[in-house]
Amino acid sequence: KMQDRILGALKNMAKSGRLSEADVEKGLREIRLALLEADVNLSVTKKFISRVQQKAVGQDVLGQLNPIDTLVMVVYEELTELLGGKEYDPKFDPGVKRIMMVGLQGSGKTTTSGKLANRFKSEGKKPLLIAADLSRPAAVDQLQVLGKQIHVDVFADPKSNPVDLAKNGLKQGDKDSNNPVIIDTAGRLAIDEELMDELVKVKEAFKPDEILLVVDALTGQDAVETAQRFDEKLNITGIVLTKMDGDARGGAAMSMRAVTGKPIRLTGTGEKLDALEYFFPDRMASRILG
Amino acid sequence: QLVDDGYYDDVMEALVLSDVGMELSDSLIERIRAEMRDRGLAYRRDVPAVAREVLTGILTDVREPVPLVPDRLNVIMLVGVNGSGKTTISAKLAHRLKQEGLKVILAAADTFRAAATEQLSVWAHRIGVDIVTGQQGADPAAVVFDATQAAAARNMDVLIVDTAGRLQTKHNLMQELSKVTRTIDKACEGAAVTRILVLDATVGQNAMSQAELFNEACELTGIAMNKLDGSAKGGTLFAVVDRLKIPVLYIGVGEQVGDLLDFDPLEFTGGLIP
Ligand SMILES: Nc1nc2c(ncn2[C@@H]2O[C@H](COP(=O)(O)OP(=O)(O)OP(=O)(O)O)[C@@H](O)[C@H]2O)c(=O)[nH]1
Ligand SMILES: Nc1nc2c(ncn2[C@@H]2O[C@H](COP(=O)(O)OP(=O)(O)OP(=O)(O)O)[C@@H](O)[C@H]2O)c(=O)[nH]1
Ligand SMILES: [Mg+2]
Ligand SMILES: [Mg+2]
């Protein structure tokens with residue numbers, strides 16, 4: 001735990017039980033190490049540590065009787081705040097009608113599309129899934145299999161293109177009064193200008209209320225580059241962190257939140273279609289800090 | 001300009017930002033400093049070459065890979081976490097080996113994920129190789145057993161086994177993987193078996209846990225790193241190879257069937273330390 005880590009670093013703390021400037025320094029170094037081991041981006045970590053340092057000194061950690069607990073409390077509170085704050089409500093606007101899923105290859109977009117449709121259905125809505133990944137082999141099949149499992153319609157046309165699928169999918173949705181309409185797109189590299197431009201065109205045609213960047217929780221330092229590029233191009237509205245059912249600490253969440261300011265809404269916690277949970281900043285803070 | 005602590009900090013940061021990890025980056029900087037001292041080098045411009053040498057040394061200090069053996073059945077098994085690129089690498093390998101004149105057959109042992117069998121079948125059809133499939137939900141070991149029999153009966157040179165993605169912390173799925181490994185060893189007595197962990201280049205410090213636990217479940221003989229055509233540098237490879245001494249065999253640099261390269265340690269290291 002973080003407390004033990006810091007205590008270990010300050011073994012030779014002054015017997016008085018009070019922290020010196022040098023002790024705080026050592027404690028902060030341990031916190032920095034813990035964040036980097038949890039895959040938080042280096043520059044995000046640096047900025048965070050200097051904020052904590054100001055706060056710790058401001059709260060007069062140096063003079064307190066139980067300084068280590070205070071230091072850890074400051075870290076935990078600051079991290080929870082950065083991730084969204086204790087009062088954060090990740091739920092979608094009840095009137096959400098159109099959701100667009102984007103992200104790198106293999107991050108979990110198709111599976112998450114199925115999970116979202118499943119959730120909306122269980123809330124009494126009648127979602128429509130649009131299969132707009134026409135490049136990966138059997139991508140359309142995959143979404144259709146998922147749609148069948150949860151009795152949700154899937155709009156597909158393998159001979160079409162993503163932009164026409166967005167338009168025609170919406171028309172189909174209007175005809176059948178589907179709500180919401182969720183479009184699944186092909187995985188792509190954030191540095192692939194041509195494919196990122198395609199997403200901009202899909203966005204113009206689909207006019208989504210929500211654009212969710214789906215990111216793998218196992219991601220390392222690159223999370224910043226990915227989130228920044230997708231956000232610059234598309235002005236994303238939220239982030240989904242998948243594969244949280246593993247042992248990765250998920251520091252990518254902190255990195256992405258720090259550089260885009262966009263909310264993390266949901267986490268994927270398994271391969272099954274009910275393995276989707278809302279995001280809780282305080283739980284994530286303790287997971288990252290380890 | 002003379003090298004100083006600030007410059008070493010910059011190198012350290014470049015390593016950490018490439019996902020090399022703090023602990024290994026620390027020890028690498030110590031090794032680089034020591035080499036610089038030993039060789040009497042004192043300028044900043046000397047550091048990159050020394051750094052590349054130290055890093056490349058890690059990637060070449062590995063066990064020998066299992067060679068493809070002529071006139072016998074060779075088996076290549078792809079394992080790894082969800083979405084790392086196993087199915088695509090299976091297809092890329094099949095394509096490459098077919099082009100080298102070998103007779104190749106694929107086994108679609110991912111009977112769990114939606115349309116996983118269809119995905120590999122589309123690839124098999126495109127590249128013109130046989131494929132053995134099973135029912136959705138079938139025992140992967142049964143599909144693999146069928147594939148080994150078909151490979152022997154049709155006198156194939158190479159059998160490539162695609163498995164379902166799984167997180168290394170899922171104990172029962174790792175047991176399933178061990179069972180598939182045992183099935184291959186029993187059914188293909190004397191075959192040359194290569195077991196490759198497919199890592200995604202964007203992976204962070206979790207790569208070590210992946211490598212250790214997949215290695216426990218199925219004794220890895222090689223590593224492939226996928227998606228190096230993106231912005232991620234794949235630096236976790238150094239810590240994994242340093243710890244397990246497993247050779248890196250291939251890298252994936254795209255979604256097309258030809259986007260597979262042999263691993264070149266110098267090229268890879270040059271991508272981190274220009
Ligand atoms: N353990 C776990 N696996 C997940 C989760 N979400 C998705 N997956 C798995 O990750 C793999 C990739 O998921 P997909 O939904 O196909 O990912 P994608 O982003 O649509 O992939 P592309 O379309 O190829 O870019 C599959 O094996 C999924 O079952 C999750 O929360 N936990
Ligand atoms: N950019 C890029 N994408 C790749 C590469 N290799 C595979 N992909 C893509 O990554 C996604 C996942 O690849 P798959 O081969 O389906 O991955 P997998 O490991 O079989 O996934 P699961 O079976 O669901 O665990 C697909 O969209 C592939 O096209 C690569 O080298 N570069
Ligand atoms: Mg998909
Ligand atoms: Mg696969």
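Just so we're on the same page: letters track the sequence lines, and every chain starts at 1. All of these numbers come straight from a predicted model, not from anything done at the bench. When reading the values below, keep in mind they use all heavy atoms of this one structure, side chains included, and skip hydrogens, waters and symmetry mates.
Looking at Arg249(A), neither its backbone nor its side chain comes within 4.5 Å of chain B, counting heavy atoms on both sides. For chain B, no part of Lys148(A) is nearby; none of its heavy atoms comes within less than 4.5 Å. Using a 4.5 Å cut-off between heavy atoms, Lys233(B) makes no contact with chain A at all. Neither the backbone nor the side chain of Asn226(B) comes within contact range of chain A; no heavy atom of the residue lies under 4.5 Å from a heavy atom of that chain. Contacts between Leu143(A) and chain B at a heavy-atom distance below 4.5 Å are absent for every atom of the residue. For Gln144(A), no part lies under 4.5 angstrom from a heavy atom of chain B. When heavy atoms are compared at a cutoff of 4.5 Å, Glu23(B) does not approach chain A at all. If you measure heavy-atom distances from Thr202(B) to chain A, the contacts under 4.5 Å come from both the backbone and the side chain. With a threshold of 4.5 angstrom between heavy atoms, Gln119(B) approaches chain A through its backbone and through its side chain. For chain A, the nearby part of Gln168(B) is the side chain; its heavy atoms alone come within less than 4.5 Å.
Inspection of non-hydrogen atoms places Val81(B), Asn82(B), Gly83(B) of residues 81-97 of chain B under 4.5 Å from chain A. Residues of residues 264-273 of chain A lying under 4.5 angstrom from chain B, judged on non-hydrogen atoms, are Glu271(A) by number. For residues 182-195 of chain A, a heavy-atom distance under 4.5 Å to chain B picks out Gly187(A), Leu189(A), Ile191(A), given by residue number. Interface residues of residues 14-22 of chain B toward chain A, defined by a heavy-atom distance below 4.5 Å and sorted by number: Val16(B), Leu17(B), Asp19(B), Met22(B).
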- Message: Test salt bridge (Lys or Arg N to Asp or Glu O under 4.0 Å) on Asp274(A) and Arg119(A); report intermediate values, then the result.
- Response: CA-CA 8 Å; Asp274(A) 58 1; Arg119(A) 181 178 281 269; over 6 Å; no
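Most heavy-atom pairs under 4.5 Å with chain B: of the set Ala38(A), Ser107(A), Ser43(A), Gly106(A), this distinction falls to Gly106(A). Each of Val145(A), Thr110(A), Thr219(A) has some count of heavy-atom pairs under 4.5 Å with chain B, and the biggest count is that of Thr219(A).
Using a 3.5 Å distance cut-off with no hydrogens or angles, the side chains of Arg136(A) and Gln105(A) do not pair a donor with an acceptor. In this model, a donor atom of one side chain and an acceptor atom of the other lie less than 3.5 Å apart for Asn206(B) and Asp247(A).
Remark: Lys109(A) does not engage Asp133(A) in a salt bridge, criterion side-chain N to carboxylate O under 4.0 Å.
Looking only at distances, no side-chain donor or acceptor of Lys233(A) sits under 3.5 Å from a matching main-chain atom of Val200(A). Not one N or O on the side chain of Lys262(A) forms a donor-acceptor pair closer than 3.5 Å with the backbone of Gly238(A). At distances below 3.5 Å, not a single donor-acceptor pair connects side-chain atoms of Asp39(A) with backbone N or O atoms of Gly251(A).
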